[in-house]
Amino acid sequence: MIEQLNPAQRQAVTYPEQHVLVLAGAGSGKTRVLTTRIAWLIQQKGVSPYAFLAVTFTNKAAREMLARIEALLPIDTQGLWVGTFHGLCNRLLRYHHRDAGLPQGFQILDSADQLAAIRRLFKSLNYDESQFTPRDMQHYINSCKEQGLRADACPAQTKIEQHMREFYAQYQQQCEREGVVDFAELLLRAYELLQNNSILRQHYQERFKHLLVDEFQDTNPLQYAWLTLLAGENSSIFAVGDDDQSIYAFRGADVSNMYRFEQDYARDHVIRLEQNYRSSGHILDAANQLIAGNQTRLGKKLWTDAGQGEPISLQVLDTDQLEAQWVLDEIQKLLDAGTAAQEIAVLYRSNAQSRVIEHHLFTAGIPYRVYGGLRFFERQEIKHVLAYLRLLDNPDDDTSWLRVVNFPTRGIGARSLEQLGAQAQEHNSSLYRAVPYMTGRAGSNLAAFVQLLQDMRQAAQQQTLPELLQYVIRQSGLAEHYQKQKEGQERLENLQELVNAAAVFVQEEGLQNFAAGQIPDAPNIDDQGSLAAEIGAAPVTPMSPLGAFLTHASLEAGDTQAERGQQAIQLMTVHAAKGLEFDAVFLTGLEEGIFPHERSLDSLDDIEEERRLMYVAMTRARQKLFLTRAHTRMLHGQRRYYHNSRFIDELPAENMRKLAAQPGGFAAADSANWGQQLGPNMGSWQPKSGRRASAVYGGSLRTQAVTVNGKEFRIGMGVEHPRFGVGTILRVSGSGDDAQAEIQFQQAGKKNLALAIAKLDIIAGT
DNA sequence: CACGCTCTCACTGCT
DNA sequence: TGAGAGCGTG
């Protein structure tokens, strides 16, 4: 089992049973180490499978981990807790819902549901959106929870903070009333459950001798607290991560958890996995050099014994169009040379950049697959069906109620709902429970809807889950509605797919013989029986197939796209590429303001995160890495001009191959021969010094003044912008509608503005 | 209640 | 540029 491991991997796998931090570089075999550690402890040390809790961030990672453990061990892996933070917390809360103060069938809100709930509360509290929007509020609530803060513990120094905190409290009340929990709540509740209930805490602390965490750099403070709370006196945490690949600070991840863990738990117990099995030497050397530019890191240097391979190619193009064309040409060559399409990836910093590339691939007839976008359980037609189903389980779920009470339309308009809302408020009840107070036409329409739900609930008692779904799709009128709709065909197919998904689900969970609403006995679910006996906890609460399916739908939104195996070029953001690898990688849009993104330019922390992102991007490539940038690209419907990304300058010359510039594009049209100008060592790639890269704007395109709409803009002139304030023109270029100026604003920093569009006032006398 | 118009705004995205 | 939300009209 451990014979084929390298020394560092072996050390990690066989480390004494105590807290360890494993710094696992990109492509160093971290999943293998994690899974082998579990298998080794079970097999060689006789540790019971019950003593393990292994936690990941994504369902995909959890599935992969389980599959690999099963491949390593001939024995039964039942009892092993492997899952996502949210999945495991959900499990805890289902088992101990009473202790956690939750209703038995609590529903889970996904981000969209949460936002809808917040919007609804905005309306019912008559909040205007001038101070903060529902989106701001959602972000605020989640980040409070991710720091373990309930509303009463949130700061209230300023008026705004007081308002937000008050709203947070109201939102929480609404969730309690409706019996729903959002994602962050799953974690916070589970944490509080263990915190407040010493019997449960001790039970789990004694049970889980080994806590293993994947992607530790992505944990947020609450996850860290949950994990360290769960670890008892005799438990050990095996934390695997890479601080250089921490790219999710924007959603609450805090790399300093790694530094803290090292200090507080694993001092002198840090293992570095630095041998890389993925990329060639040139790529690794360049990536190492780049990431060394970050101040804050634990430090690590990847190496390979597989040879230098090919240097990294860098190509500079005039426009985003030409960049896409160049990428297309190179892809064509790779395909001709026999590279499999799915082994070629085109990466970009943000999704908007995919369009041009897609267009070129599409025109050339090359199959491609864009990652990201709508996932299966997030589609509106799917969410509609799920809303009906949720109401069967929990009619007090107002979010679901409002979603489908009038969809398809059944004569219950905004007016009726307003009245219903008022009744609900008055009787302090859910909308569902307020229906009997309604009279007249609205009352009877609502009563009919309640009857519809009642019929469905009845069906749930007799039919299997797939049968119930089919029934709900028909009886709700959704099937008919989409049949009539012009573009409803695809939606109908998705609904059928949902029925199939339910059939697969009950099969896999062994629930196929149960009616949808029936609660099966739970003889073989884990050790909960013994737990109940042991600590006198509330009786175990298994879920009905319906409840289980709804939970599944919330916690696992489904893949964005089907199998990766298809013969298609892979297009995705750098974030989405984390954890993946390809023979050939095109990293596009390497311009200052694109990558690093303009929103990150003023903060060192943000720039360091962008640098890690660049590091992640580069280390996706096995053999060939192509970097590209364009002088100008269309963004937000405007042509904008960009400098070289600082990250290009930070790469060592000896690992790079400078490609000759491509002729053509607007350079030719503008009669400025950019082709020559961008020859080797000029615009394309320059060693170290060329940070300012003035060559980009140099030569015949350099202009002293331009006239737009009768106003003359000169270099050095003072201008005022309604948002950015007062600034000085550093540079002008182009003409007519394309005329651009780079302006140094006193407050807002340097901006490139299109003069025909920007509302600039010239400050007289400058 | 549905449709179409205008306005605004824009990174990354798992659970 | 173009998606999504808000608003007014038939």
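The chains referred to below are lettered A, B, ... by the order of the sequence lines, with proteins before strands, and numbering in each begins at 1.
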Take the protein atom CG of A/N220 and the nucleotide atom C1' of B/dG13, then report the distance between them rounded to whole Å. 14 Å
What interatomic distance, in whole Å, is found between C1' of C/dG6 and the corresponding atom of B/dC11? 25 Å
Tell me the interatomic distance from A/L115, atom CG, to B/dT15, atom P, rounded to whole angstroms. 19 Å
I'd like to check the ring-ring contact (aromatic ring centres under 6.0 Å, His included) partners of A/Y171; sequence neighbours left out, ordered by chain and number. none
Apply salt bridge (Lys or Arg N to Asp or Glu O under 4.0 Å) to A/R355 and list each qualifying residue two or more places apart in sequence or on a separate chain. none
Does the ring centre of A/Y641 sit less than 6.0 Å away from the ring centre of A/H631? no
Could you state the atom-to-atom distance from CG of A/D113 to C1' of B/dT15 in whole Å? 12 Å
The ring-ring contact (aromatic ring centres under 6.0 Å, His included) partners of A/Y248 (sequence neighbours excluded) come to A/F250, A/H575
Considering only nitrogen or oxygen atoms on both sides, find all protein atoms under 3.5 Å from nucleotides 2-8 of chain C and state each distance.
residue: C/dG2; atom: OP1; partner: A/R355; partner atom: NH1; Å: 2.3
residue: C/dG2; atom: O5'; partner: A/R355; partner atom: NH1; Å: 3.4

Does A/N59 make a side-chain N or O approach to OP1 or OP2 of B/dC14 shorter than 4.0 Å? no
Non-neighbouring partners of A/H481 that pass side chain to side chain contact (heavy atoms under 4.5 Å, CB included), sequence neighbours left out: A/F407, A/P408, A/Q485
Taking DNA chain B as the partner, which of residues 407-417 of chain A come within under 4.0 angstrom of it by heavy atom? A/T409, A/I412, A/G413, A/A414
Under the side chain to side chain contact (heavy atoms under 4.5 Å, CB included) rule, collect the residues that match up with A/E146, sequence neighbours excluded. A/N142, A/N220
Who are the side chain to side chain contact (heavy atoms under 4.5 Å, CB included) partners of A/T133, not counting sequence neighbours? A/E129, A/R135, A/D136
With sequence neighbours excluded, residues passing ring-ring contact (aromatic ring centres under 6.0 Å, His included) with A/F183: A/H86
Please enumerate all protein N or O atoms sitting under 3.5 Å from an N or O of nucleotides 10-12 of chain B, with distances to 0.1 Å.
residue: B/dC11; atom: O4'; partner: A/H597; partner atom: NE2; Å: 3.2
residue: B/dC11; atom: O2; partner: A/R349; partner atom: NH1; Å: 3.0
residue: B/dC11; atom: O2; partner: A/R349; partner atom: NH2; Å: 2.4
residue: B/dT12; atom: OP1; partner: A/N351; partner atom: N; Å: 2.6
residue: B/dT12; atom: OP1; partner: A/N351; partner atom: ND2; Å: 2.8
residue: B/dT12; atom: O4'; partner: A/R349; partner atom: NH2; Å: 3.2
residue: B/dT12; atom: O2; partner: A/R349; partner atom: NH2; Å: 2.7
residue: B/dT12; atom: O2; partner: A/H575; partner atom: NE2; Å: 3.3

Is there a donor and acceptor pair, one atom on the side chain of A/S111 and one on the base of B/dT15, closer than 3.5 Å? yes
Can you find a side chain N or O atom of A/N406 that sits less than 4.0 Å from OP1 or OP2 on B/dC1? yes
Flag for A/E381-A/N494: side-chain donor and acceptor within less than 3.5 Å: yes
Strictly by salt bridge (charged side-chain N to carboxylate O under 4.0 Å, His left out), give each pair with a member in residues 401-415 of chain A just once, sequence neighbours left out. none
Restricting to ring-ring contact (aromatic ring centres under 6.0 Å, His included), what partner residues turn up for A/F57, sequence neighbours left out? A/F85
Separation between the P atoms of B/dG13 and C/dG4, rounded to whole Å: 16 Å
Spacing between A/Q138 atom CD and B/dT15 atom P, to the nearest angstrom: 16 Å
